[in-house]
Amino acid sequence: MKYVIIGNSVAACGCSEAIRKVDAQNPIVVISDEKYRVYSRPLISYYLGGKVDESKMYIRDEDYYEKNKVETKLGKKAVAVDFKNKEVILDDGEKVKYDKLLIATGGKPFIPPTKGFELKNVFTFIKFDDVKAIDEAIKNGAKKAVVIGAGLSGLKAAEALIKRNLDVTVVELANRILGSILDLEASKIVQDELEKHGIVFKLETSVDEIIGDGKVEKVKLKNGEVLDADIVVFAIGVVPNIDFLKGTELKINRGIVVNNKMETNIEDVYAAGDCAEGYDFVFEQQRVIPIWPNAYNQGETAGYNMAGVEKTFDRGFPMNSIGFFDVHMITAGIVVPTSSDIEVLVKHDKEKNIYRKIYLKNGRVVGFMFINSIDRAGMITNMIKEGFNVESIKHRLLEEDFGYLDLPKEIRQEKILGGAKA
């Protein structure tokens, strides 16, 4: 038995660690186009901002692969998979045989066709090498940065750049920042905080052209405005990194379609993480859920099943915990409802800059948005996971002293006796 994993991030960790709990001997091979051992992608903005050094980026020790008997092929890119002959073809022509395969290639930056993208000092913001290159440009004298995209990664890039004393402008096509996870009111709270620290926003427009003689000098926007720039960072979002698999028999929708065992439609082939499209039990549909805990859980589930132990994972749902300067927030589940059957509970303390919102469907919590008051977030998250009916206590959910004792007696007893679902 030979296990092969394409990808070397947290889903790959989950997979290899699960395999080794079951199978201590059979070979595991990890293939990655990056040269680094597994590191924390969410920390790249902190590295760029000078908050962590390289040693803090890694999430596993140097001897991790040796201890787990994992052979690595780092700095090598998988360019094709021959599913019939069970081979992964690498960019140097090497063919790696497998008996069980996990595809965990993560996401890649979404880049719209943009004139001038090829100029020097135009960057993406997803990998360790991206921020190392940006860091080098700053050391070489860059002073003005334009960030394209006001989602989580774009704003973390902007925060890091402002901490490096650059002038930073963020360009966003939507009418607000963080539009996929925040409503207008919450978005304004975060934007006000970022503007307070010097970040400038250009909303409801996009990049028309990047201008320069060999390297970036200006950015022309669709609204006609022209911005000076030494650096341009594209952080619009990510899409599954699966181009090398398109046109094969592998079933692909937005991501690689998997069941609750992380099996694809091809025998002995599994997928996990940001490239996989698994079941989102809150939205009750197949979706790509690009968050770290989901990637690890999916990878772990795949690993167990690859090693012959049946496991399922069907409780995935989106969740984000993040901060910008003095604003901290946690969001989970449905936060921008599109249907009329969602009940909304809201509490906004403008003096304290606190905003809390909970979304209910049929008496059960399906999402929440907490800004600057994240107490009880873990408890509310568990309510989503466990599917508790909170109809009798919903009037208490947003109170500052809401706690365990507010839960119905039978639920408290069930939790004490073993966590049975309500």
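Heavy atoms only: backbone and side chains are in, while hydrogens, waters and symmetry mates are out.
- Between the side chains of Asn259 and Tyr279, no donor N or O sits under 3.5 Å from an acceptor N or O.
- Residues forming a ring-ring contact (aromatic ring centres under 6.0 Å, His included) with Phe281 (at least two apart in sequence, or on another chain): Phe317.
- With respect to the salt-bridge test (charged N to carboxylate O, under 4.0 angstrom), the residues Arg164 and Asp135 qualify.
- Side-chain contact check for Tyr64 and Glu17: at least one donor-acceptor pair (N or O, by modelled atom type) lies under 3.5 Å.
- Gln191 places none of its side-chain heavy atoms less than 4.5 Å from the side chain of Arg176.
- A salt bridge is absent between Arg356 and Asp349: the closest approach of a Lys/Arg side-chain nitrogen to an acidic carboxylate oxygen does not fall below 4.0 angstrom.
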>> Set out, in order, the CA-CA distance, both residues' side-chain angles and the distance that settles side chain to side chain contact (heavy atoms under 4.5 Å, CB included) for Tyr3 and Val30, then state yes or no.
In response: CA-CA 9 Å; Tyr3 307 99; Val30 168; over 6 Å; no
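- Under the 4.0 Å criterion applied to side-chain N and carboxylate O atoms, Lys132 and Glu54 are assigned as salt-bridge partners.
- The aromatic ring centroids of Phe110 and Phe234 lie 6.0 Å or more from each other.
- Side-chain contact between Val335 and Phe368 is absent, with no heavy atoms from C-beta onward closer than 4.5 Å.
- Tested against Asp33, the residues Lys73, Lys77, Lys127, Lys76 include a single salt bridge (charged side-chain N to carboxylate O under 4.0 Å, His left out) partner, Lys127.
- Below 30°, between 30° and 60°, or above 60°: for Tyr39 and Phe128 the angle between ring planes is between 30° and 60°, a tilted geometry.
- Judged by distance alone, the side chains of Tyr65 and Asn8 do bring a donor and an acceptor atom under 3.5 Å apart.
- In this structure, Gly151 and Glu172 approach most closely via the heavy-atom pair N-OE1, 4.4 Å.
- Salt bridge annotation for Arg41-Glu34: present, with a cationic side-chain nitrogen under 4.0 angstrom from a carboxylate oxygen.
- Applying the ring-ring contact (aromatic ring centres under 6.0 Å, His included) test to Tyr359 and every residue at least two apart in sequence or in another chain returns nothing.
- Ionic pairing of Lys188 and Glu185 is not present here: no N-O contact between side-chain nitrogen and carboxylate oxygen is shorter than 4.0 angstrom.
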> Hey, mind stepping through Met329 and Ile181 against side chain to side chain contact (heavy atoms under 4.5 Å, CB included) and telling me if it holds?
Replying inline: CA-CA 11 Å; Met329 63 184 187; Ile181 62 168; 4.1 Å; yes
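- Using cut-offs of 30° and 60° on the angle between ring planes, the pair His348 and Tyr355 is perpendicular.
- Between Asp61 and Arg37, no side-chain nitrogen of the basic residue sits less than 4.0 Å from a carboxylate oxygen of the acidic one, so the salt-bridge criterion is not met.
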>> Could you walk me through whether Ile242 and Ile252 satisfy the side chain to side chain contact (heavy atoms under 4.5 Å, CB included) test, starting with their C-alpha distance in whole Å, then the side-chain angles of each, then the deciding distance to 0.1 Å, before giving a yes or no?
In response: CA-CA 9 Å; Ile242 50 177; Ile252 295 172; 3.6 Å; yes
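- Both tests do not hold together for Lys357 against Phe370: distance to the six-membered ring centre under 6.0 Å, angle to the ring axis within 45°.
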> Can Met319 and Asn294 be said to form a side chain to side chain contact (heavy atoms under 4.5 Å, CB included), step by step?
Replying inline: CA-CA 9 Å; Met319 181 173 180; Asn294 184 74; over 6 Å; no
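- Of all heavy-atom pairs between Leu152 and Leu178, the closest is N-CD2, 3.5 Å.
- In this structure, Lys394 pairs ionically with Glu343, as a charged nitrogen and a carboxylate oxygen lie closer than 4.0 Å.
- In terms of heavy atoms, Val4 sits closest to Val88 at CG1-CG2, 4.2 Å.
- In this structure, a donor-acceptor pair under 3.5 Å is absent between the side chains of Glu386 and Asn382.
- Across Leu102 and Cys15, no two heavy atoms sit closer than the pair CD2-CB, 3.5 Å.
- Note on Asp268 versus Lys86: salt bridge recorded, some NZ/NE/NH1/NH2 to OD/OE distance being below 4.0 Å.
- Ion pairing between a basic and an acidic side chain is recognised when a charged N comes within 4.0 Å of a carboxylate O; Lys218 and Asp228 show such pairing.
- Within the cation-pi definition used here (under 6.0 Å to the ring centroid, within 45° of the axis), Lys311 qualifies as a partner of Tyr304.
- Residue Asp401 places its CG atom among more than 12 non-hydrogen atoms of other residues, nucleotides or ligands, all under 6.0 Å distant.
- Side-chain contact between Ile89 and Val79 is present, with heavy atoms from C-beta onward closer than 4.5 Å.
- For the pair Phe123/Ile231, a side-chain contact is recorded, criterion being any heavy-atom separation below 4.5 Å from C-beta on.
- By the 4.0 Å N-to-carboxylate-O rule, Glu277 lies too far from Arg287 to be salt-bridged with it.
- Here the side chains of Ile384 and Val282 are in contact, with some heavy-atom distance below 4.5 Å.
- For CD of Glu267, the number of neighbouring non-hydrogen atoms (other residues, nucleotides, ligands) closer than 6.0 Å is 12 at most.
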